[in-house]
Amino acid sequence: MPDGAYDSLLALNCGSSSIKFALFTPDMERTLSGLVEAIGHGQTPRLILAGAEAAPFGTQDQGHADLLPRLIEEIILPRAGAIGGIGHRVVHGGELFTTPIAIDASVRSGIATLAPLAPGHQPHNLAGINAAMTALPGVLQVACFDTAFHASVPPVRREMPLPRAYARQGLIRYGFHGLSYEHVATSLSRLGVSKGRVVACHLGNGSSICGMIDGTSRWTSMGFTPLDGLMMGQRPGRLDPGAVLWLLDHFGGDAEKLSKLLYHQSGLSGVSGISGDMRALLASHEPDAAFAIEMYVDRLVAEIGAAAASLEGIDALVFSGGIGENSAPIRASALVKLEWLGFALDPDANAAQAERLTASNSARHAFIVKADEELVIARAVAQALAG
Ligand code: ADP
């Protein structure tokens, strides 16, 4: 093989309870994709490779750091050939990182210092970096940040209504899910809405909204940490800060207990008392499951309205993420409530998972864009290799 030539680029996307991975050729053709899901849920994690049945992988007490070395050695490397570079999703880049960057010791320690701002994600992102560095020493590794896409949000929306000295110390709204939104942005011209005001909803375990103008982020529902904005699987989203103060007092000042409540025990899971998984709630006949779903949709449409108001209008709506891509009932409930904004649902298209969800005579259109953070990561690695 000539110098610099390689067979594959590896994209690793370590989420709160999953590890998604994909291999791409130098021409960005995907040769492998898969995920390990249900990590840290008290169940045996499952490995799902595209086109194959789910299989148990590891044990229920194993976390990301335990599973990654075996995943890389047994599943990824035998299918990869020569790996030219590895890209990692990193949730929080803070003010330090606003573009993809080659990882060295100082970048790795910068990423580690931001871990307290995304405790449910950043340690897993670091576990991915550590495992890949151990398995493939000397191979280029690139960190791609979920916050970076939102660096274009204007200061008046990035800062919070607090004394501005805090903003100068970095207490600002960073926004997240940026790799997913970057993929949405690159899909807009295919949908015929590359110009104008697009409200994109990434609805997964974590959920957020991005208001874009001409494909650039101008508004985000998420904030300083991934706790703000929409109701999520385990996180509450926007809360009255007075409620947070009351809770801290209730826990006798124990911030760790409060953090556990806000990152792991709230949202769909906390409200329903059943599950944070939308599929499980939709399948349930329990009134509390229906109540949690109603709250999720209510807050979703309210935040879409807020984004549209900030953008001074809306030209198109995009659904992405596990719920946004797959759940026709959630999309239908939201779109029916958004009729006043000019969205006329096409129920058949919605049920059929069509790319366009609205009727041909709808004043504005809503679309599905399948999330593909791995492709965005692989492109960043290819660009870094090209120098
Ligand atoms: P993550 O944020 O961890 O990447 P995903 O984007 O995979 O998560 O989204 C996970 C969420 O998507 C879960 O709540 C899951 O129940 C939901 N989901 C996946 N498929 C469906 C479906 N067919 N109907 C409803 N919800 C679904």
Side-chain angles (χ1 to χ4, degrees), residues 11-22 33-41 43 45-48 50 54 63-64 67 88-91 118 120-122 124-125 128 144 146 176-184 200-210 221-222 226-227 229-237 263-264 266-272 274-284 289-290 292-297 299-300 318-334 350-354 357 368-377:
L12 270 184
N13 174 356
C14 294
S16 50
S17 61
S18 66
I19 304 167
K20 294 179 181 162
F21 53 92
S33 68
L35 85 154
V36 180
E37 64 173 12
I39 306 170
H41 279 199
Q43 309 162 20
R46 292 179 295 274
L47 170 69
I48 304 170
H64 292 69
L67 298 168
H88 299 269
R89 173 184 176 207
V90 177
V91 164
H121 295 85
Q122 202 91 336
H124 305 322
N125 306 150
C144 304
D146 262 329
F176 299 90
H177 292 135
L179 303 177
S180 176
Y181 292 126
E182 193 174 329
H183 180 248
V184 169
C201 310
H202 178 100
L203 310 179
N205 274 317
S207 294
S208 75
I209 290 182
C210 173
S221 67
M222 275 200 170
L227 281 178
L230 298 177
M231 180 174 175
M232 298 170 238
Q234 278 81 24
R235 288 167 265 161
Y263 278 99
H264 300 294
S266 300
L268 291 170
S269 171
V271 173
S272 71
I274 297 168
S275 172
D277 189 299
M278 185 59 89
R279 265 170 304 194
L281 296 184
L282 287 164
S284 168
I293 294 170
E294 193 181 342
M295 188 185 285
Y296 183 90
V297 173
R299 295 177 69 112
L300 171 61
V318 171
F319 290 98
S320 193
I323 299 170
E325 291 164 23
N326 299 306
S327 180
I330 299 296
R331 290 191 306 258
S333 311
N350 185 44
Q353 300 286 122
L357 303 163
I368 295 176
V369 172
K370 284 201 179 301
D372 196 347
E373 289 148 319
E374 293 75 31
L375 178 62
V376 173
I377 292 169

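Numbering of residues begins at 1 and proceeds along the displayed sequence. Both counts, for ligands and for their atoms, begin at 1 and track the order of listing.
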Report task. Give a yes or no answer on whether the side chain of Arg331 reaches the backbone of Gly324 with a donor-acceptor pair at less than 3.5 Å. Result -> yes

Report task. For the pair Ser320 (side chain) and Val369 (backbone), establish whether a donor and an acceptor sit closer than 3.5 Å, ignoring hydrogens and angles. Result -> yes

Query raised in the report: So which heavy atom in the protein is nearest atom 22 (C) of ligand 1, and how far is it from that ligand atom?
Result: Asn326 CB, 3.4 Å

Which ligand 1 atoms are under 4.0 Å away from a heavy-atom of [X]?
X: Leu282; value: 25 (C)
X: Gly206; value: 2 (O)
X: Ser327; value: 24 (N), 25 (C)

Report task. Kindly determine whether Gln122 and Val90 satisfy side-chain contact (heavy atoms from CB on, under 4.5 Å), including the steps that lead there. Result -> CA-CA 7 Å; Gln122 202 91 336; Val90 177; 3.7 Å; yes

Query raised in the report: Using heavy atoms and a threshold below 4.0 Å, how should the contact between Lys20 and ligand 1 be classified: side chain, backbone, both, or neither?
Result: side chain

For ligand 1, is there an N or O atom under 3.5 Å from any N or O atom of [X]?
X: Asp277; value: yes
X: Met278; value: yes
X: Ser17; value: no
X: Ser16; value: no
X: Gly322; value: yes

Query raised in the report: How many angstroms lie between CG in Asp277 and CG in Asn205, if you round to the nearest 0.5 Å?
Result: 7.0 Å

Query - NE2 on His183 to NE2 on His177, rounded to 0.5 Å - result: 15.0 Å

**Report entry** ligand 1 contacted by Glu37 (non-hydrogen, < 4.0 Å)
**Finding:** no

Requested in this report: Take every heavy atom of Gly15, measure it against each atom of ligand 1, and state whether any distance is under 4.0 Å.
Outcome: no

Query raised in the report: Is there side-chain contact between Leu281 and Tyr296, with at least one heavy-atom pair below 4.5 Å?
Result: no

Query raised in the report: Do the non-hydrogen side-chain atoms of Ile293 and Met278 ever get within less than 4.5 Å of each other?
Result: yes

Requested in this report: May I ask which of Leu268, Ile330, Ile323, Asn205 has a heavy atom nearer to atom 2 (O) of ligand 1 than the others do?
Outcome: Asn205

Report task. Determine, stepwise, if the pair Glu325 / Phe319 fulfils side-chain contact (heavy atoms from CB on, under 4.5 Å). Result -> CA-CA 6 Å; Glu325 291 164 23; Phe319 290 98; over 6 Å; no

